[in-house]
Amino acid sequence: MTQPLLAVRGVKTYYGNIIALHGVDIEVNEGEIVTLIGANGAGKSTLMMTIFGNPRAREGQIVFEGRDITQMPTHEIARMKIAQAPEGRRIFSRMTVMENLQMGAAVADPAHFEEDLARVLELFPRLNERISQRGGTLSGGEQQMLSIARALMARPRLLLLDEPSLGLAPLIARQIFDIIAELNKRTKLTVLLVEQNAFHALKLAHRGYVMVNGQITLSGSGKELLQRPEIRAAYLEGGRQDA
Amino acid sequence: MEIFVQQLINGITLGSIYGLIAIGYTMVFGIIGMVNFAHGDVFMVSAFVALIASLILTTWLGISSVFLSLLIVLICAMLITSLISWTIERLAYRPLRGSFRLAPLISAIGMSIFLMNFVQVAQGPRNKPIPPFFQNVIVVMEKDGYEVTLAYKQIVIWAVTAILLAAFWYLVSKTSLGRAQRACEQDQNMASLVGVDVDRTISVTFIIGAALAAVAGTLYLMYYGVVSFADGFVPGIKAFTAAVLGGIGSLPGALLGGLLIGLIETMWSAYFSIDYKDVAAFSILVVTLIFLPQGLLGRPEVEKV
Ligand SMILES: Nc1ncnc2c1ncn2[C@@H]1O[C@H](COP(=O)(O)OP(=O)(O)OP(=O)(O)O)[C@@H](O)[C@H]1O
Ligand SMILES: [Mg+2]
């Protein structure tokens, strides 16, 4: 049996004395798209950030490529080639699009820079048009693209995407999902995806986890989860199955 | 008119020195939101390092080329002062990061007092002179026996300042180190998510600020020919005023503020009263804080988040 690329085992995370994750277990295998869905405040973003050690897991273990990264400093976790497009985009607003991409490539081999730049600009031609514009002056959707592009510049082994479709027009959101699927197919990019748009996410993902109040309550393949009545009721209500 | 031109020359010279110090205040404030009150004293210490280095060079090693010795003195001052500033950050500020907001500020004031007293004890309370060099002056214009002069020293100060600012500008705007520095300034958490070692970057910021202050310290010593343990205080506050006037956090602002403070001080001395020149400079601080708290080139906070 091959070991998973990322294994989160019994992780408990607190904000001060308030517990946010009550012992979470998830696994992401190489080449997979795994999605994490759940209501607002369930703890999805907290899990994404806990993987990066900020906040740090108070109990449990996070193992990446067989190495325990639970106590590793955040920047070293990034250097293990885990990249994140975090909640709220977090663009460096007083830096240009180009500089944001250069920041994303900080952990990558500089020899790849031109090649990777060309690749992400091909994925997001809009960024190419705005390459020397300051990040803070981009539209929300453009910032979202930049956030994803910045993460891709690291040539990540594992890409964490926290609500990449947030605030995007349906068409653009669609494009983003297509890009994720495409990257996964073509380059075997491994993705852990948090999404409000559960329908799209489950359709895209190989496997999914459902989080409720800081605990994983359900898991299964994307297809399976899509069929579950409780999921349909809770997350796909009025879910635009036609979208 | 002649007086004006003369004071313009003097003001730009003084302003260059203030600007170099102000950059250290503004960078540290930009990255960790703290006013490093010890920065003025770091400047003073650098002048002493330069003093000691130049005495060793001229009296013991007998190096006679002024340019060579200036270069060596500059490098010594920059290296040693950077090391001191790095140590201060490690010992006095870093452990307090994440503690309550005033803690590092109080620690900085403590460091300032420590440096001042240390130098007073180690070097004595009197003004320490260096043998004068670059004595020549150029007469720019002359009228009714009043000569407007540009001293070689002043040209050297302008040139050194310009070269170092150009190097500094390149470092901050074009290198990966500078990008990491700016990224930490904008969003430390995000910077660490892309692999930037934030603690290291903060250390680098202190080192760069101290290196520029050391340049200022060396030039100050060369310009006035003397330095005393108390010389960190007033120039330090003036440079801080310059940083606030230019817009704290803004690098061009620090430079502009420095030049303005230098000019205001020299013009005030010439046209009003030299005794009140410091009062003039500090009044600017108060007026800026009240009427223009974001400073001349400070950024208005209207960015999309
Ligand atoms: N910095 C913080 N300090 C204190 N509590 C926090 C902090 N960040 C999150 N929380 C709390 O932790 C819980 C989980 O938040 P989290 O952001 O992980 O939820 P989420 O599943 O990502 O929600 P959403 O779908 O709205 O993004 C929430 O109850 C939230 O209030
Ligand atoms: Mg969230």
Side-chain angles (χ1 to χ4, degrees), chain A residues 48-49 51-55 72-96 98-108 110 113 134-144 146-147 149-156 159-160 162 167, chain B residues 26-27 29-31 33 90 94-95 97-100 169-205 246-254 294-295 297-305:
Chain A
M48 300 292 251
M49 290 306 291
I51 292 171
F52 268 91
N54 175 24
M72 208 181 250
T74 300
H75 64 271
E76 281 176 26
I77 295 175
R79 289 172 193 176
M80 300 279 295
K81 296 300 182 79
I82 307 180
Q84 178 163 193
E87 184 166 47
R89 306 169 189 133
R90 308 283 285 270
I91 293 306
F92 296 115
S93 58
R94 295 193 299 278
M95 291 172 125
T96 64
M98 182 63 157
E99 287 174 327
N100 271 278
L101 294 174
Q102 287 171 320
M103 286 312 297
V107 297
F113 182 77
R134 275 154 47 114
T137 63
L138 295 180
S139 80
E142 289 163 347
Q143 289 191 6
Q144 190 60 267
L146 179 55
S147 176
R150 178 178 61 186
L152 286 173
M153 287 302 289
R155 282 215 177 177
L159 175 63
L160 308 184
D162 197 339
Chain B
T26 234
M27 280 183 97
F29 185 87
I31 198 162
R90 282 305 281 262
R94 187 179 297 183
R97 216 170 285 150
S99 121
F100 69 108
W169 176 84
Y170 179 82
L171 180 76
V172 169
S173 65
K174 299 288 171 197
T175 66
S176 60
L177 190 73
R179 272 198 302 276
Q181 206 273 334
R182 284 180 290 142
C184 288
E185 206 176 284
Q186 296 175 35
D187 187 341
Q188 285 187 13
N189 284 334
M190 188 63 226
S192 66
L193 287 192
V194 295
V196 173
D197 184 341
V198 175
D199 279 340
R200 186 175 150 265
T201 308
I202 292 172
S203 285
V204 168
T205 303
I248 193 131
S250 158
L251 297 177
Q294 79 278 15
L297 301 183
R299 56 187 94 87
E301 298 294 336
V302 286
E303 254 145 11
K304 246 180 243 147
V305 279

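Residue numbers start from 1 in every chain, and the chains themselves are labelled A, B, ... in the order their sequence lines are given, proteins ahead of strands. Everything quoted here is computed from the prediction, not taken from an experiment.
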Fill in the blank from the handout: Minimal heavy-atom distance between Gly195(B) and Val107(A), with the atoms involved, is CA-CG1, 3.7 Å
Practice task
Measure the spacing between CZ of Arg94(A) and CD of Gln186(B) and express it to the nearest 0.5 Å.
Solution key: 4.5 Å
Handout entry: Heavy-atom closest pair, residues Thr74(A) and Ser192(B)
Key = CG2-OG, 3.4 Å
Fill in the blank from the handout: Per-residue tally against chain B (heavy atom, under 4.5 Å) across Gln84(A), Glu99(A), Glu76(A), Met80(A) peaks at Glu99(A)
Completion exercise
Separation between CG (Leu193(B)) and CE (Met48(A)), nearest 0.5 Å, reads 11.0 Å
Handout entry: Engaged part of Met49(A) at the chain B interface, taking heavy atoms whose separation is under 4.5 Å
Key = side chain
Completion exercise
If one checks every heavy atom of Phe52(A) against chain B at 4.5 Å, the contacting part turns out to be side chain
Practice task
In sequence, state the C-alpha distance, the side-chain angles, and the governing distance for Met103(A) and Val196(B), and then conclude on side chain to side chain contact (heavy atoms under 4.5 Å, CB included).
Solution key: CA-CA 9 Å; Met103(A) 286 312 297; Val196(B) 173; 3.5 Å; yes
Exercise for the section: Over all heavy atoms of both residues, which pair between Arg90(A) and Asp187(B) is shortest? Give the atoms and the distance, please. Expected result: NE-OD2, 2.7 Å
Practice task
Look at atom CZ of Phe113(A) and say whether more than 12 heavy atoms of other residues, nucleotides or ligands are closer to it than 6.0 Å.
Solution key: yes
Handout entry: Heavy-atom side-chain proximity of Met190(B) to Phe92(A) below 4.5 angstrom
Key = yes
Practice task
Select, from Met95(A), Met153(A), Arg150(A), the one with the greatest count of heavy-atom pairs under 4.5 Å involving chain B.
Solution key: Met95(A)
Practice task
Mark yes when over 12 heavy atoms from residues, nucleotides or ligands other than Arg200(B) sit less than 6.0 Å from its CZ; otherwise mark no.
Solution key: no
